[in-house]
2 protein chains.
Amino acid sequence: MTTIKDLAKAAGVSITTISRALNGYSDVNEKTRKRIQTLADQMGYRPNAVARSLVTKKTRTIGVILSEINREGAKDSLAFETLCGINDRAVELDYDILLFSTNPKKQLSKSYADLCKERNVDGAILSGLRLHDPYLEEVVHKTNFPCVLIDIPAESRNVGHVTTDNVRGAAAAVNHLIGLGHRRIAMINGHDEAAVSQDRLEGYKLALAAAGIPFDTKLIYNGGFKEEGGFEAMYGILYQHPGVTAVFSASDLMVLGALRALERLGHRAPERMSIVGYDDIAIAAHCSPPLTTIRQDRYAMGYQAAQLLVDMLENRDIGRKITLQSELIVRQSTAPLSV
Amino acid sequence: MTTIKDLAKAAGVSITTISRALNGYSDVNEKTRKRIQTLADQMGYRPNAVARSLVTKKTRTIGVILSEINREGAKDSLAFETLCGINDRAVELDYDILLFSTNPKKQLSKSYADLCKERNVDGAILSGLRLHDPYLEEVVHKTNFPCVLIDIPAESRNVGHVTTDNVRGAAAAVNHLIGLGHRRIAMINGHDEAAVSQDRLEGYKLALAAAGIPFDTKLIYNGGFKEEGGFEAMYGILYQHPGVTAVFSASDLMVLGALRALERLGHRAPERMSIVGYDDIAIAAHCSPPLTTIRQDRYAMGYQAAQLLVDMLENRDIGRKITLQSELIVRQSTAPLSV
DNA sequence: CCCCTTCTCCAAAACGTTTCGGAAGCTCGT
DNA sequence: ACGAGCTTCCGAAACGTTTTGGAGAAGGGG
């Protein structure tokens, strides 16, 4: 590995001059700069980022903490799409990405803040965390570490936030069902520790209220965003509330489970039950029936999150919150209420 | 940020002692070690990994270079599953992951080797690269940078390789079709720059030969591993070779396109055409018809790749090559040849 | 009592950069 | 001819660790 020292020796100038030449400072003669530049290319010199970081205190690296990086995460590629968005924007802005998983074991020994401190990332993007994750609170409140949260409402000087308009998305889903004539509409929600669940429930309520349909707590099931949870929820709905003709699910994955439950009991969607999901995962367009769902653009969310974080890091003061819109995609899992 | 210096001052000992105490050396009194340890905890001391790396020359970081980290990659989550596997094993082995994308723009300015040199990763895992990628050749031959290649056959002192038995997988797929009575079997392959394509073609040929079916180059189509490519290939097969009753595709994604082509022309699988895919992507089990396919365990591949790389990094001399088995999953896109 | 171990501890160098504060040498106006 | 002001360069400190090579003290055997 050629270092700046080797280069200085070879060029017959000081280390300082090499550094300033290569970094485009104005106090070095254009001719010597050229000479140094070509020499550097010849010798294959690459500045050592570690040494540089040590003195500049910047690593041009952002930590990405995704809870969904695990084997199950593959089915819904939400985390992956987010990561792609983050990555693409990060590359454009010339930042690197350090991937932190949230393996339960590691969570115990080291908090995110510790991870970030140790590895000296300039900032972090967090996604898929529970609302009351203790480490999350630490990051947001105790440290003032720059970070961007995805789908977790929190803002402060150094904390940004990107999400989609979940209230509106959910309302659109439920309105679609109401427009099809459905009145008894159940909801399969995620879990209480997710901000999006609260928002989507809110949207569900709003849509019902606007249509003059009374809200019934009993029609709210929690499926934990899991396929299995959707299965059980649908089972419960069919047995406990046979009058229900439509379901709004807070995730497509849970719809897959719900469809299995329907089938198991000899029913089909949308004939027996209209279902609208959330996310528009890849499977949604291909499963049977293809799912009516609310599409959220996870790629864009990641992309915006990276942009927002870098804006914060480079002291461009713009808004701390970004809300993207979602879109109702009508496919064949919903149908008019047959009387 | 508390540094080792602050800690030394607070504890009234030298920097050396702090370092050696915290790193578990034997030449520090157990009492002082305890004292230092609790003091470090109190003060929230975190060793600066950057400074440490500068002197140790190790970063405990592995670079992951995946070409498929982009918006399109979301549909087949192969890259993601691989990443999950890498990540899980890396966490267990206490390594971090630096994610390099292969944005075309960046490829021009910096080679992988440069990326790795600059960022001082200890080693790298590469996947999704074309067989004759110039930068790949550089990594493998010119530098002796430790890396593990996924699905790219190359071995040397510092280069490992993990793949699945693509020849056998393909042969199993084709044998399945032959067993169902099919004789005119086309293949939709990826592209010539993929090692897996060559292997799968090999398996296809082998299976045909074993059954005494003559090989016909005209029945080989290239779909470039793209959905659209599968569409066009199937179109071509139906028009140019109406006698074909079964297709082996080198990826499920291309099968999705092929199914669309079939449908467009008023046909259905498996009635008109039996199709077996490759990969067993998430959609495969849910689409219509559910796909018969060869499952390869991308997660395991990533996991093994990480293990192999770390073994190499830590000078455990084991094999440089890992081949995982694949598995035929029979669903409903294949059926006995109806005479 | 002296020498040899063993146990603790430490000063200083090293890693490869950036950057601060000059210091020469040159030009130019007066 | 002289100082001011540029231009171009450089020495040395700093960043936060690890590691080398010892040094002082305590203990033990002869």
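In what follows, chains are A, B, ... by sequence order, proteins preceding strands, each numbered from 1. Please read all numbers here as calculations on a predicted model, not as lab measurements.
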Given D:dT18, is OP1 or OP2 found less than 4.0 Å from the side-chain N or O atoms of B:Thr56?
-> no
Electrostatic pair A:Arg20-A:Asp27, nearest N-O below 4.0 angstrom | yes
Would you call the rings of B:His191 and B:Phe225 parallel, tilted or perpendicular, where under 30° means parallel and over 60° means perpendicular?
-> perpendicular
Among D:dC10, C:dT17, C:dT8, the one nearest B:Asn29 by side-chain distance | C:dT8
Distance below 4.0 Å between B:Lys58 side-chain N/O and D:dT18 OP1 or OP2 = no
Which residues share a ring-ring contact (aromatic ring centres under 6.0 Å, His included) with B:Tyr303, sequence neighbours left out = none
Within the structure shown, what part of the strands sits under 4.0 Å from A:Val13 by heavy-atom distance: base, sugar-phosphate, or nothing?
-> sugar-phosphate
Please check the phosphate of D:dG16 (OP1 and OP2 only) for any side-chain N or O of A:Lys57 closer than 4.0 Å.
-> yes
Of all heavy-atom pairs between B:Arg33 and B:Val28, which one has the smallest distance, and what is that distance?
-> NH2-CG1, 3.6 Å
Taking atom C1' of D:dT8 as reference, at what distance in whole Å does atom CD of A:Glu30 sit?
-> 13 Å
Rounded to whole Å, CZ of B:Arg20 lies from P of C:dA11 at a distance of 14 Å
Identify whether any heavy atom of B:Ser19 sits under 4.0 Å from a base atom; if not, whether one sits that close to sugar-phosphate; answer base, sugar-phosphate or nothing.
-> base
For A:Met43 and C:dG16, give me the distance from atom CE to atom P, rounded to whole Å.
-> 13 Å
Can you tell which of C:dC10, D:dA12, D:dT17 lies closest to the side chain of A:Thr16?
-> D:dA12
Taking for A:Ile15 and for A:Asp27 the nucleotide of DNA chain C with the nearest heavy atom, the one nearer the 5' end belongs to A:Ile15
Provide, to the nearest angstrom, the distance between the CD1 atom belonging to A:Ile18 and the P atom belonging to C:dT19.
-> 16 Å
Identify, between B:Asn48 and A:Thr17, the residue whose nearest nucleotide on DNA chain D lies closer to the 5' end.
-> A:Thr17
Find the distance A:Arg35:CZ to D:dC9:C1' and express it as a whole number of Å.
-> 12 Å
Using a distance-only test with no angle check, is there a side-chain donor-acceptor pair under 3.5 angstrom linking A:Asp96 and A:Thr61?
-> no
Side-chain N,O (B:Tyr25) to OP1/OP2 (C:dT8) below 4.0 Å = no
B:Ile36 has an atom CD1; how far is it from atom P of C:dT8, in whole Å?
-> 13 Å
Distance in angstrom units between B:Leu54 CG and C:dC15 C1', rounded | 4 Å
Protein-nucleotide distance (B:Arg119, atom CZ; C:dT17, atom P), rounded to Å | 14 Å
Let me know, please, whether A:Met1 or B:Val28 comes out on the 5' side of the other along DNA chain C by nearest nucleotide.
-> B:Val28
Any sub-3.5 Å donor-acceptor pair from A:Arg89's side-chain atoms to A:Gln304's backbone N or O?
-> no
Tell me what B:Ser53 touches on the nucleic acid: a base, only sugar-phosphate, or nothing, going by heavy atoms under 4.0 Å.
-> nothing
Respond yes when some side-chain nitrogen or oxygen of A:Ser14 is under 4.0 Å from OP1 or OP2 of D:dC10, and no when none is.
-> yes
Scan B:Thr3 against the nucleic acid and name what it touches under 4.0 Å (heavy atoms): base, sugar-phosphate only, or nothing.
-> sugar-phosphate
Measure from the side chain of A:Asn23, starting at C-beta and using heavy atoms only, and say which of C:dT18, D:dC10, C:dT17 lies closest.
-> C:dT18
